[in-house]
Every structure is written in structure tokens, then in C-alpha cells.
Amino acid sequence: MSDFDITSYMQEICSSLKATKKYTFVSVSSVKNMEGVLNDRRSAYFFAVDDSQEGYIFENEGGGFFERRPVQVILLGRLERYPDLEGRKRILAEVRDIYRKIVSRLIRDSYRFEPIAYINTDSIPFDEIPGQFAGGTAGLIFTFTVDIPISLEYDADEWDS
């Protein structure tokens, strides 16, 4: 379970959603760096996933331990000029619609696909990107978390004392 590749899962979502057929899938090391977007000057639309591994371990109310991993997805469209308020408006409307479709897929998959059975569907917030971003793009960022059951059984053989 802990070796589930969320980046590959999100890439499959990007390739199977009709609304994202024109989007180039890229992974980035953080929203601040956006390497996959900045290094690709030919593509006009991006479906980016932050592939850095962050998270924390917590104890569930039922007594089991989980590792909570946040996943950030960035949907972007390149603006034709600056300022391009009409282009920004059009891109934001499109990515809002895509965001809702992805959330509906995440919810459906949480009932059908064990690795994301513990997705937190109570809150999947998004933030629209103000102005221009990452080399002249507009779009939104959304975040969801997946809780992965883990074993924290102490093994004395792993310690010197």
C-alpha cells in the first residue's frame, strides 16, 4: 500500500478525462519551482502534480496508524499576452470545470480503488492563481489528502540495545 504511486494515478486521470486531452501532464518538485511548466514552451495547457513526498503519521480514532499524504494538482493554461483578462477568465472557467470533474472521479474511486479508499473527501480546497503565473499562465491549484494505513510495530531486532 505504501508504494502506491499517486503521480501515476493522477497521470491516468489526466489521460482518461476528455476535458484534459489538450493538457500536457508534468510533475513538479513544488508549486514554487514549476519546472515541468517552465521548461515546456510549446504546450499551452498543463496538468501538473507536485511529486514531492510530504506528510505525517497519526493515530486514527479506531486505534490504527496512518500516514497522511497531501497531493497538490495544478491546472494551468498559457495566456496569449499580458494582460489578457479575457483569456484568464476563459481559462479559469475551464479549469474550475475540470477540477469538479476530477473531484467527482476521486470520490468515485475512493469506493472502488483500495489505495485511495482513505481519501479525505470532507474538504478538497482550491485556490485560483491571481494574475500571471509560471511563465504567463493562469489556473488553479487544489489539494487533497490520502491516508495510508501503516504498521508501526516495534521490532527489537532493528535496534542495537
Side-chain angles (χ1 to χ4, degrees), residues 1-56 58 66-148:
M1 178 80 73
S2 63
D3 59 348
F4 174 62
D5 184 357
I6 193 70
T7 303
S8 295
Y9 170 72
M10 294 308 297
Q11 186 171 15
E12 189 277 324
I13 286 178
C14 177
S15 66
S16 63
L17 180 59
K18 292 177 182 179
T20 55
K21 292 297 183 195
K22 64 184 177 184
Y23 283 68
T24 300
F25 183 87
V26 296
S27 59
V28 297
S29 64
S30 78
V31 175
K32 295 176 185 172
N33 292 334
M34 299 300 291
E35 310 91 326
V37 174
L38 294 172
N39 292 334
D40 184 343
R41 299 302 302 167
R42 289 182 279 175
S43 298
Y45 297 91
F46 298 93
F47 186 120
V49 174
D50 181 345
D51 66 1
S52 60
Q53 292 293 309
E54 298 175 355
Y56 59 91
F58 70 97
F66 289 79
E67 182 176 276
R68 178 164 287 166
R69 294 188 186 174
V71 179
Q72 281 195 316
V73 178
I74 307 101
L75 302 171
L76 300 169
R78 197 172 303 282
L79 298 168
E80 294 180 14
R81 62 187 178 287
Y82 181 80
D84 185 0
L85 298 179
E86 285 303 312
R88 182 176 183 280
K89 183 178 176 181
R90 178 185 44 77
I91 290 168
L92 288 176
E94 181 176 316
V95 297
R96 281 186 212 112
D97 183 56
I98 291 169
Y99 158 76
R100 288 187 288 273
K101 290 174 181 170
I102 293 170
V103 169
S104 72
R105 170 74 183 264
L106 293 172
I107 292 168
R108 185 205 72 159
D109 285 358
S110 72
Y111 292 102
R112 297 178 169 190
F113 188 47
E114 184 191 358
I116 66 163
Y118 297 102
I119 188 172
N120 182 351
T121 57
D122 293 340
S123 175
I124 303 178
F126 72 92
D127 293 300
E128 291 182 356
I129 299 167
Q132 283 203 37
F133 178 73
T137 61
L140 65 77
I141 299 170
F142 68 94
T143 305
F144 63 94
T145 59
V146 177
D147 296 340
I148 301 168

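Keep in mind that this is a model prediction, so the values were computed, not measured.
- Crowding of Arg112 atom CZ: a count of heavy atoms from other residues, nucleotides or ligands under 6.0 Å not exceeding 12.
- Screening Val49, Val146, Leu106 against Tyr9 for a side-chain contact (heavy atoms from CB on, under 4.5 Å) leaves a single residue, Leu106.
- Here the straight-line distance linking atom CG of Leu79 with atom CD of Glu86 works out to 11.5 Å at 0.5 Å rounding.
- Ala48 and Val28 make their closest contact through CB-CG1, 4.3 Å (heavy atoms, listed as atom of the first residue, atom of the second, distance).
- Under the side-chain contact (heavy atoms from CB on, under 4.5 Å) rule, Phe47 has a single partner from Val95, Thr24, Ile102, which is Ile102.
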**OP:** Go through the steps for Arg96 and Glu128 under the test side-chain contact (heavy atoms from CB on, under 4.5 Å), then give the verdict.
**Re:** CA-CA 9 Å; Arg96 281 186 212 112; Glu128 291 182 356; 2.5 Å; yes

Subject >> Derivation and outcome, side-chain contact (heavy atoms from CB on, under 4.5 Å), residues Arg78 and Phe46 >> reply: CA-CA 8 Å; Arg78 197 172 303 282; Phe46 298 93; 3.2 Å; yes

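- Ring geometry for Phe126 versus Tyr99: interplanar angle of 30 to 60°, hence tilted.
- Note: Thr145 OG1 to Ile119 CD1 = 7.5 Å, rounded to the nearest 0.5 Å.
- Of the inter-residue distances, the one linking Thr121 atom OG1 with Ile116 atom CD1 reads 10.0 Å to the nearest 0.5 angstrom.
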**OP:** Carefully, step by step, assess Leu17 and Lys101 under the rule side-chain contact (heavy atoms from CB on, under 4.5 Å).
**Re:** CA-CA 8 Å; Leu17 180 59; Lys101 290 174 181 170; 4.2 Å; yes

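- Between Tyr45 and Tyr23, the ring-plane angle classifies as tilted under the 30° and 60° cut-offs.
- Annotation: side chain of Val103 is not in contact with side chain of Phe144 (no heavy-atom distance under 4.5 Å).
- Leu76 contributes atom CG, which lies 8.5 Å from atom CD1 of Ile91 (distance to the nearest 0.5 angstrom).
- Across every non-hydrogen atom of Pro70 and Gly55, the tightest pair is CD-CA, 3.9 Å.
- Rounding to the nearest 0.5 Å gives a distance of 11.5 Å between CE of Met10 and CG of Asp5.
- Heavy-atom minimum distance, Thr7 versus Ser27: CG2-CB, 4.3 Å.
- Scanning both residues, Arg88 and Ile129, for their nearest heavy atoms gives NH2-O, 3.0 Å.
- Taken from CZ in Phe142 to CG in Leu75, the straight-line distance is 5.5 Å, to the nearest 0.5 Å.
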Subject >> Residues Ile6, Arg69; criterion side-chain contact (heavy atoms from CB on, under 4.5 Å); working and verdict >> reply: CA-CA 10 Å; Ile6 193 70; Arg69 294 188 186 174; over 6 Å; no

